[in-house]
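Numbers here are sequence positions counted from 1. Model, not experiment: these values are computed from the prediction.
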Amino acid sequence: MTDLAKTDQLFFEKAGMDRDRINGIVDGALKGADDGELFLEYRQSESLSYDDGRLRSASFDTTQGFGLRAIADEAVGYSHASELSEAAIKRAAETVTAVHAGYSGNAAEAPQGTNASLYTDTNPLGEVSFEKKVSLLAEIDAYARAKDPRVAQVSASISGEWQAVQILRAGGERVADIRPLVRVNVSIVAADGDRMETGSSGTGGRTGYAAYIEPDQWQAQVDEALRQALINLDSVATPAGEMQVVLGAGWPGILLHEAIGHGLEGDFNRKKTSAFSGLMGQRVASEGVTVVDDGTITDRRGSLSIDDEGTPTSRTVLIEDGILVGYMQDRQNARLMGMAPTGNGRRESFAHAPMPRMTNTYMMDGNHSPEEILSSVQNGLYAVNFGGGQVDITSGKFVFTASEAYLIENGKIGAPVKGATLIGNGPDALTHVKMIGNDMKLDPGIGTCGKDGQGVPVGVGQPTMLLDNLTVGGTAA
């Protein structure tokens with residue numbers, strides 16, 4: 001059964017709506033508008049957390065609803081409700097038509113369809129019993145505590161969701177998508193005397209639970225979280241100042257995502273509020289720096305077969321060998337900028353209008369080995385994992401905290417350090433990239449991106465990378 005047929009059962013047969021009548025309401029609501037759609041959504045989600053040897057919480061939620069949008073030039077009318085009925089959609093249509101009253105637009109063509117499906121065809125929530133999930137969390141707790149006597153606290157969680165969407169446009173154009181998503185997380189506090197430090201690890205993707213409940217999978221997360229916690233027990237204060245910084249491969253790409261990726265989204269550039277505005281075709285990074293956003297990677301957390309406007313996702317090159325060559329676009333900003341949509345129109349749920357958002361954003365490989373990069377640094381910092389951070393999109397300024405970092409001394413990895421923060425400017429930092437590794441990898445599947453109050457799952461990645469002249473905020477007296 002196709003995704004359209006499956007979602008027809010949810011949104012029309014089960015909800016008791018007549019598809020032809022709904023198509024007629026959509027046609028009337030969008031007549032004279034430049035663009036728009038009816039977004040139907042059904043979502044089931046669950047989360048279980050285990051803390052200090054017992055099940056701390058367990059939740060299961062079902063949500064459904066619609067969002068109807070009409071676009072006239074730069075103006076957007078949006079109405080949504082959790083009631084799936086013809087009457088509710090009619091009321092929404094009366095609301096959104098106000099945005100294009102007296103306006104005569106040229107309706108944009110519907111996205112070109114595709115039969116590609118990027119996810120494992122499964123509903124995670126029905127795949128493994130509740131008892132098995134609780135047993136898994138208990139096994140994680142017991143395994144972690146048996147690994148090392150310094151383990152003082154173990155927190156583990158497992159979450160999953162199953163989202164079905166259907167997007168209807170004027171003229172009866174319809175597309176659908178059914179999206180699984182799971183995630184497993186482990187956090188460990190290790191204690192040595194009066195000192196306590198934390199380590200965490202997680203993994204996930206657009207699959208079922210099966211892959212992640214295998215012992216080699218969850219044990220790897222425990223081992224990694226414990227490794228980080230024990231390393232942090234031995235950490236020393238971070239020296240402050242301007243220095244060379246080596247970023248590790250994989251999850252450190254979150255800095256690339258935040259400090260640079262958001263500035264390459266179409267809306268910020270159309271409104272000229274991005275530090276990259278007006279720089280298309282110009283050098284914005286060192287030679288060798290190529291950054292892409294790719295929503296087409298099978299089973300990845302940030303991937304989508306279609307975005308939330310119905311456009312198939314794509315592999316979009318943003319920066320090529322240091323030159324700015326592209327932006328991430330939804331339909332509205334692409335039309336207003338005279339560009340093509342890239343499949344980056346995303347929304348958190350039916351209650352939110354879509355906007356340009358990242359999917360899986362990463363830097364491509366260079367030609368240096370990680371060992372070569374580290375050996376080139378006499379005194380610097382090696383940042384392997386990151387925690388939180390803040391970015392100003394307009395200026396590009398960022399502050400990021402490293403959750404795992406080491407001193408580099410005479411080309412070798414030295415003592416672990418605590419409390420290191422990286423301070424800089426995204427566009428400027430790109431021009432200080434001196435060496436790029438040949439070990440690009442994606443993060444383990446844990447990223448969530450926030451923008452204008454909306455959160456969506458994303459992926460990040462990069463190879464090992466050397467940056468010159470980056471400011472490090474430290475804790476050393």
field: Short side-chain to backbone donor-acceptor contact, Arg283 and Ile323, under 3.5 Å
entry: no
message: Taking the side chain as everything from C-beta on, heavy atoms only, tell me whether Phe276 gets closer than 4.5 Å to Leu430.
response: yes
Flag, side chain of Trp162 to backbone of Pro124, donor-acceptor distance under 3.5 Å: no
- request: Scan side-chain atoms only and decide if Ser395 and Asn425 contain a donor-acceptor pair under the 3.5 Å cut-off.
  value: no
query: Do the non-hydrogen side-chain atoms of Val460 and Leu256 ever get within less than 4.5 Å of each other?
result: no
- request: Applying side chain to side chain contact (heavy atoms under 4.5 Å, CB included), run through Leu467 and Leu422 and close with a yes or a no.
  value: CA-CA 11 Å; Leu467 294 168; Leu422 303 186; over 6 Å; no
task: Given side chain to side chain contact (heavy atoms under 4.5 Å, CB included), test His80 with Phe39 step by step and report yes or no.
output: CA-CA 9 Å; His80 64 88; Phe39 180 85; over 6 Å; no
Atom pair CG/OG1 of Leu264 and Thr361 - distance to nearest 0.5 Å: 9.0 Å
message: Using modelled atom types and a 3.5 Å cut-off, is there a donor and acceptor pairing between side-chain atoms of Arg43 and backbone atoms of Thr63?
response: no
query: Hey, is the main chain of Gly36 close enough, under 3.5 Å, to the side chain of Arg169 for a donor-acceptor pair?
result: yes
message: Could you check whether any side-chain N or O of Ser375 sits under 3.5 Å from a backbone N or O of Glu371, counting only pairs where one atom can act as donor and the other as acceptor?
response: yes
statement: In this structure, CG of Asp3 is separated from OH of Tyr119 (nearest 0.5 Å) by 8.5 Å
Thr313 side chain vs Leu304 backbone, donor-acceptor pair below 3.5 Å: yes
- prompt: Is it the case that Thr120 and Asp299 place a side-chain donor and acceptor less than 3.5 Å from each other?
  reply: yes
field: Heavy-atom closest pair, residues Ser376 and Met435
entry: OG-SD, 3.5 Å
field: Donor-acceptor side-chain pairing of Asn360 and Arg300 below 3.5 angstrom
entry: no
task: Work out which heavy atom in Ala164 is nearest to a heavy atom in Ile178; give both atom names and the distance.
output: CB-CG1, 4.2 Å
message: I need the Arg347 CZ to Glu41 CD distance, nearest 0.5 Å.
response: 8.5 Å
message: Evaluate Ile297 against Tyr362 for side chain to side chain contact (heavy atoms under 4.5 Å, CB included), listing each step before the verdict.
response: CA-CA 12 Å; Ile297 309 172; Tyr362 55 92; 4.1 Å; yes
message: Determine whether Tyr103 and Asp34 satisfy the following criterion, side chain to side chain contact (heavy atoms under 4.5 Å, CB included), listing intermediate values before the conclusion.
response: CA-CA 9 Å; Tyr103 179 85; Asp34 290 320; 2.7 Å; yes
- request: Could you tell me the separation between the CD atom of Gln332 and the CD1 atom of Ile71, rounded to the nearest 0.5 Å?
  value: 4.5 Å
message: As a quick check of understanding, evaluate salt bridge (charged side-chain N to carboxylate O under 4.0 Å, His left out) for Arg335 and Glu309, giving each step before the final call.
response: CA-CA 14 Å; Arg335 177 176 52 81; Glu309 299 178 304; over 6 Å; no
query: Just by modelled atom types, is the Val165 backbone N or O under 3.5 Å from a matching donor or acceptor in the Asp177 side chain?
result: no
query: If you take all heavy atoms of Met355 and Asp330, which pair is closest and at what distance?
result: CA-OD2, 3.8 Å
message: Once rounded to the nearest 0.5 Å, what's the spacing between atom OG1 of Thr359 and atom CG of Asp294?
response: 6.5 Å
- request: Output every pair passing salt bridge (Lys or Arg N to Asp or Glu O under 4.0 Å) with a member in residues 216-228, not counting sequence neighbours, ordered by first then second residue.
  value: Lys147-Asp223, Glu224-Arg227, Arg227-Glu404
- prompt: What are the two closest heavy atoms between Pro239 and Val472, and how far apart are they?
  reply: O-CG1, 3.8 Å
query: Could you give all pairs that pass the side-chain hydrogen bond (donor to acceptor under 3.5 Å, both in side chains) test and reach residues 462-472, with sequence neighbours left out?
result: Gln244-Asp468, Asp439-Thr464
- request: Write down the atom of Val317, the atom of Val325, and the distance for their closest heavy-atom approach.
  value: O-CG2, 3.4 Å
- request: Scan side-chain atoms only and decide if Ser314 and Thr342 contain a donor-acceptor pair under the 3.5 Å cut-off.
  value: no
query: Any chance the side chains of Thr290 and Asp321 put a donor and an acceptor closer than 3.5 Å?
result: no
query: Is a donor on one side and an acceptor on the other found under 3.5 Å between the side chain of Arg346 and the backbone of Met358?
result: yes
field: Residue pair Thr122 / Thr207, side-chain heavy-atom distance below 4.5 Å
entry: no
- prompt: Is the side chain of Tyr212 donor-acceptor paired with the backbone N or O of Arg183 at a distance under 3.5 Å, no angle test?
  reply: no
message: Does atom CD (Glu109) have a neighbourhood of more than 12 heavy atoms from anything else shown, all under 6.0 Å?
response: no
message: With salt bridge (Lys or Arg N to Asp or Glu O under 4.0 Å) as the test, pick out the partner of Asp308 among Arg179, Arg357, Arg331, Arg69.
response: Arg179
field: Nearest-0.5 Å distance that lies between atom CZ in Phe66 and atom CD1 in Ile167
entry: 15.0 Å
message: Surrounding NZ of Lys434 (heavy atoms of other residues, nucleotides or ligands, distance under 6.0 Å), is the total greater than 12?
response: yes
- prompt: Is it the case that Gln221 and Ser201 place a side-chain donor and acceptor less than 3.5 Å from each other?
  reply: yes
query: Just wondering, do Arg270 and Glu74 contact through their side chains at under 4.5 Å, heavy atoms?
result: yes
field: Side-chain H-bond candidate by donor/acceptor type, Arg301 with Thr448, under 3.5 Å
entry: yes
- request: Count the heavy atoms of every other residue, nucleotide or ligand shown that sit under 6.0 Å from NZ of Lys397, and state whether that count exceeds 12.
  value: no
query: Under 3.5 Å, is there a donor-acceptor pair linking the side chains of Asn344 and Tyr327?
result: no
Whether Asn269 side chain and Lys272 backbone form a donor-acceptor pair below 3.5 Å: no
message: For the CD atom on Gln112, are there more than 12 heavy atoms of other groups (residues, nucleotides or ligands in this structure) within a distance under 6.0 Å?
response: no
field: Set of residues satisfying salt bridge (Lys or Arg N to Asp or Glu O under 4.0 Å) with respect to Glu197, sequence neighbours excluded
entry: Arg195, Lys418
message: I'd like to know if the side chain of Asp293 pairs up with that of Thr316 as donor and acceptor (distance under 3.5 Å, no hydrogens or angles considered).
response: no
- prompt: Are side-chain heavy atoms of Asn367 and Asn438 found at a separation under 4.5 Å?
  reply: no
4.5 Å side-chain heavy-atom contact, Lys451 and Gln454: no
message: Looking at every non-hydrogen atom in both residues, tell me the closest pair between Gln282 and Gly278 and how far apart they are.
response: NE2-O, 3.5 Å
- prompt: How about Asp52: does its CG atom have over 12 heavy atoms from other parts shown lying under 6.0 Å from it?
  reply: yes
